[in-house]
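Below you'll find the structure I mean.
These figures come from a predicted structure and were not determined experimentally. Computation of the quantities below employed the complete heavy-atom set of this structure, encompassing side-chain atoms and omitting hydrogens, waters and symmetry-equivalent molecules. Both ligands and their constituent atoms are indexed starting at 1 by order of listing.
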Amino acid sequence: MNPTAVIAIHGGAGTILRTLMESDAEQRYHASLNDILATGQSVLAAGGSALDAVSEAVRLLEDNPLFNAGRGAVFTADGTHELDASIMDGSTLEAGAICCVKRVRNPILVARRVLEASEHVMFTGAGAEAFAVAQGFEPVDPSYFHTDARYKQWLLARGQQRVMLDHDGATLTDGDAEPTPHEPIDPNRKFGTVGAVALDQHGHVAAATSTGGVTNKQVGRVGDAPLIGAGCYADDATCAVSTTGSGEMFMRMVAAYDVAAQMAYRGVSLEEAAADVVMKRLPRINGRGGLIAVDALGNVTLPFNTEGMYRGFARVGEAPVTAIYR
Ligand code: ASP
């Protein structure tokens, strides 16, 4: 008998603003996660593929300004936006990715098109945008990505950059600046990638990841999110993984692939492999964040080493489960 199809999503990990734990914002995050899970669930319930379910879930996360991907993406040091995304099909090991794009409304849909229509796996910058246009995606004006909330965060980060340099390692909220009072997870100490992983009724898994990167990042900087193996990985033989966190450390640990590799080579469970990567290996190099993963048996794990991670999962036929804090 096939295991029950399931989808899991994340909307970034980070430090919780404990004083705001009861705020309305918390409800808005739960409601958004819940709605997006319900949509992914209905794709799977109708017999849709894991690839379709993760594409659709991440597209919705990109369109939702609460999350740092697509609309709502963070600002670079130059006050612009540069977006990254990747997707992988566990049944074929086909993958697609784009990075450093400024005019693509839904990077995940273009990454999917790379998977389907190109002999290559990854396009960057102008080449990625040209590929998108050639494939019929209408470019958006860069102002589409501007949101006031992210703009305020950027101004804060820019100012605090001096504090960070002066005090070597001080966090962005040290000093006089007030955190933006409308999100349960401190937006100034939050990793904001979004992602989805799914198992479909046919026993196939897929993963998708999309991000605006980190606030005030240097122009041209690319993190783990669009890198197959670091921020995204899927193989029916092991699992599907999407990560969020300090991208440089996830790249150095080849984090997403390491979960799959540990299952394959050490023979450990999904949960054990994911916990090893997030709770042991990443902290060794100060890697902060988390991941979501499913395997072909329908096991789901959502570990993180920060105080919170916007997350949830939904099995076909059961109510979605969403969570923010530990
Ligand atoms: N991992 C992403 C990056 O480094 C950031 C994030 O998860 O928020 O670009």
Residue pair Ser55 / Arg112, side-chain donor-acceptor N/O under 3.5 Å: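 Yes, a side-chain donor-acceptor pair sits under 3.5 Å.
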Ser143-Asp141 side chain donor-acceptor pair, cut-off 3.5 Å: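 The criterion, which ignores hydrogens and geometry beyond distance, is satisfied for Asp141 and Ser143.
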Val214 N/O under 3.5 Å from ligand 1 N/O: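 By distance alone, the answer is no.
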Ionic contact status for Arg59 with Asp63, cut-off 4.0 Å: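 Yes, this pair counts.
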Asp258 side chain near Gln262 side chain, heavy-atom distance below 4.5 Å: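 Heavy-atom side-chain distance check passes, below 4.5 Å.
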contact_flag Arg221 ligand 1 heavy-atom lt 4.0 Å: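 The answer is yes, since Arg221 has a heavy atom less than 4.0 Å from ligand 1.
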Polar contact flag for Thr244 and ligand 1 (N/O pairs, less than 3.5 Å):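 Yes, at least one N or O pair falls under 3.5 Å.
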Polar contact flag for Asp224 and ligand 1 (N/O pairs, less than 3.5 Å):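 So ligand 1 has an N or O lying under 3.5 Å from an N or O of Asp224.
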Sub-4.0 Å heavy-atom approach of Gly245 to ligand 1: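 Yes, Gly245 has a heavy atom closer than 4.0 Å to ligand 1.
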Donor-acceptor contact present, side-chain Ser246 to main-chain Glu248, <3.5 Å: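 Side chain of Ser246 to backbone of Glu248, a donor-acceptor pair under 3.5 Å: no, none is there.
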Donor-acceptor pair, side chain of Arg311 and main chain of Gly11, under 3.5 angstrom: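 No: the side chain of Arg311 does not pair with the backbone of Gly11.
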Polar proximity ligand 1 side, Thr243 side, N/O cut 3.5 Å exclusive: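 Among all N and O atoms of Thr243, none is under 3.5 Å from an N or O of ligand 1.
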Polar contact flag for Gly247 and ligand 1 (N/O pairs, less than 3.5 Å):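 Between Gly247 and ligand 1 (N or O atoms, distance only) the closest approach is under 3.5 Å.
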